[in-house]
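Along the sequence shown, residues carry numbers from 1.
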Amino acid sequence: MAFSCPSMKLFSLFTFLFVSALMPLSSCKEVSVGLYYESLCPYSASFIVDSLSMIFSDDLIRIVDLELVPWGNAKIYGTDTFICQHGEYECILNTVEACAIDAWPKVKDHFPFIYCVESLVYHDNYTHWATCFEKLGLDATPVMDCYNSDRGKKIILQYAAKTNALEPPHTYVPWVVVDGQPIYDDYRNFKSYICDAYKGTPKPSACTELSVGRIRKVKMDLLNSLFGQESFKSKMSRVLPAILSWLQ
């Protein structure tokens with residue numbers, strides 16, 4: 001029996017299949033998510049604490065490139081003077097959170113601090129924000145050095161420019177942008193937009209759970225459209241005997 005060397009095309013095909021088998025299933029880029037907010041806005045605090053934080057407890061964070069932009073509805077007067085919607089303390093916390101992002105650039109590092117501060121805002125206890133350093137075992141020095149220097153103002157003005165450059169312009173906060181597109185007042189449903197935007201496989205289990213939930217919702221919406229607000233069970237218990245009587 002004669003043997004021969006495989007052609008270069010066949011060899012290349014084998015190489016491609018072998019390398020592909022060693023690669024992760026998904027090589028698609030992460031979905032960009034931008035949160036434009038202000039520190040003392042109760043809706044922003046609620047979103048960060050109750051909704052956004054959930055992407056860290058499931059596996060959704062692995063497909064997300066999250067950016068936090070603490071500026072919101074603040075206004076600039078002149079070249080470097082600004083006034084915040086909820087007063088001077090909001091300007092302080094906006095800058096502190098901006099400095100935290102600068103000090104710890106990775107979202108896994110700065111989000112716990114911002115979550116802690118916004119939890120205090122959520123419970124109307126924000127004047128104790130500095131306790132978050134000790135609670136999380138963080139060195140306060142890089143954040144406070146930033147806040148007490150010109151760097152803090154420089155960073156927060158960069159966030160102002162980023163917010164003011166939004167297209168379309170934001171009209172309220174929290175303002176959530178997924179893959180460059182605002183999702184307006186449906187921001188609490190932001191995970192569905194992330195899952196829809198992600199093109200990789202396999203998708204995180206959180207996306208599968210959302211898909212099942214949406215199918216159930218569609219079914220219930222259909223039933224409600226057919227039977228109104230009355231529950232399907234009670235409606236059928238009333239309608240079905242009439243149908244059977246008519247058939248007889």
Side-chain angles (χ1 to χ4, degrees), residues 33-53 66-177 182-185 187-188 190:
V33 178
L35 170 62
Y36 296 78
Y37 72 104
E38 54 197 19
S39 58
L40 291 189
C41 168
Y43 301 105
S44 293
S46 175
F47 177 70
I48 290 171
V49 173
D50 292 334
S51 300
L52 187 61
S53 62
L66 177 64
E67 181 181 21
L68 305 179
V69 184
W71 175 259
N73 297 318
K75 302 293 182 185
I76 298 177
Y77 295 89
T79 57
D80 61 358
T81 301
F82 49 91
I83 297 177
C84 297
Q85 184 174 10
H86 297 91
E88 183 178 355
Y89 218 104
E90 182 167 74
C91 288
I92 293 172
L93 289 186
N94 282 352
T95 306
V96 165
E97 293 186 13
C99 284
I101 295 169
D102 181 66
W104 308 303
K106 294 182 178 179
V107 67
K108 69 180 181 65
D109 296 329
H110 63 248
F111 188 83
F113 177 79
I114 291 174
Y115 175 88
C116 180
V117 174
E118 293 304 314
S119 294
L120 293 173
V121 173
Y122 187 80
H123 293 99
D124 198 25
N125 199 25
Y126 56 85
T127 56
H128 294 85
W129 63 268
T131 62
C132 289
F133 293 116
E134 184 178 354
K135 288 177 182 176
L136 298 171
L138 297 171
D139 180 9
T141 304
V143 175
M144 298 314 299
D145 284 352
C146 167
Y147 174 78
N148 291 316
S149 68
D150 290 339
R151 182 161 183 77
K153 178 175 283 190
K154 179 181 178 181
I155 294 170
I156 200 66
L157 289 175
Q158 289 174 349
Y159 282 144
K162 193 174 187 69
T163 303
N164 293 334
L166 281 169
E167 286 294 340
H170 82 287
T171 52
Y172 48 81
V173 291
W175 188 259
V176 180
V177 178
I183 58 177
Y184 301 100
D185 58 358
Y187 60 84
R188 291 196 181 278
F190 75 104

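Atom CZ of Phe133 sits in a crowded spot, with more than 12 heavy atoms from other residues, nucleotides or ligands closer than 6.0 Å.
Exactly one residue among Thr95, Val96, Ile101 makes a side chain to side chain contact (heavy atoms under 4.5 Å, CB included) with Cys99. That residue is Thr95.
Listed by first then second residue, pairs satisfying side chain to side chain donor-acceptor pair (under 3.5 Å) with a partner in residues 149-164 read Asp102-Arg151, not counting sequence neighbours.
Two residues are said to be in side-chain contact when any heavy atoms from C-beta on lie closer than 4.5 Å; Ser39 and Val117 fail this criterion. Inter-residue side-chain proximity for Arg188 and Ser46 is flagged as met; some heavy-atom pair is nearer than 4.5 Å. In this structure, Lys135 and Cys116 have side chains that are in contact, with non-hydrogen atoms separated by less than 4.5 Å. Residues Leu35 and Tyr187 have side chains not in contact (no heavy-atom distance under 4.5 Å, counting atoms from C-beta outward). Side-chain contact between Ile92 and Tyr147 is present, with heavy atoms from C-beta onward closer than 4.5 Å. Side-chain contact between Ile48 and Leu68 is absent, with no heavy atoms from C-beta onward closer than 4.5 Å.
For Tyr172, the ring-ring contact (aromatic ring centres under 6.0 Å, His included) partners at least two apart in sequence or on another chain are Trp175. Remark: Tyr36 pairs with no residue by the ring-ring contact (aromatic ring centres under 6.0 Å, His included) rule, at least two apart or across chains. Applying the ring-ring contact (aromatic ring centres under 6.0 Å, His included) test to Tyr115 and every residue at least two apart in sequence or in another chain returns nothing. Cys41 meets the disulfide (SG to SG under 2.5 Å) test with no other residue; sequence neighbours excluded.
With values rounded to the nearest 0.5 angstrom, Leu40 atom CG is found 7.5 Å from Asn94 atom CG. A distance of 8.5 Å separates CG in Leu93 from OH in Tyr126, rounded to the nearest 0.5 Å. Between atom CH2 of residue Trp71 and atom CD of residue Glu38 there is a gap of 10.0 Å, rounded to the nearest 0.5 Å. Ile83 contributes atom CD1, which lies 5.0 Å from atom OH of Tyr77 (distance to the nearest 0.5 angstrom). Between Glu118 atom CD and Ser53 atom OG the span is 11.5 Å, to the nearest 0.5 Å.
The two residues Tyr184 and Pro168 make their nearest non-hydrogen contact at OH-CG, 3.4 Å. Considering every non-hydrogen atom in both Lys108 and Pro112, the closest pair reads O-CD, 3.4 Å. Nearest heavy-atom pair across Pro70 and Ile156 is O-CD1, 3.1 Å. Residues Phe190 and Val176 approach most closely at CB-CG1, 4.4 Å, considering heavy atoms.
For Tyr37 and Phe47, the distance between ring centers is not under 6.0 angstrom.
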- Determine, stepwise, if the pair His86 / Asn73 fulfils side-chain hydrogen bond (donor to acceptor under 3.5 Å, both in side chains). CA-CA 9 Å; His86 297 91; Asn73 297 318; over 6 Å; no
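With hydrogens and angles ignored, the 3.5 Å screen pairs no side-chain donor or acceptor of Glu97 with any backbone N or O of Ile114. Between the side chain of His110 and the backbone N or O of Trp104 there is at least one donor-acceptor pair closer than 3.5 Å. Although no hydrogens or angles enter the test, the distance criterion places a donor-acceptor pair under 3.5 Å between the side chain of Thr131 and the main chain of His128.
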Would you tabulate the side-chain donor-acceptor contacts of residues 137-146 under 3.5 Å, counting partners in other chains and residues two or more places apart, or write 'none'?
| residue | atom | partner | partner atom | Å |
| --- | --- | --- | --- | --- |
| Asp139 | OD1 | Thr141 | N | 3.0 |
| Asp139 | OD1 | Thr141 | OG1 | 2.9 |

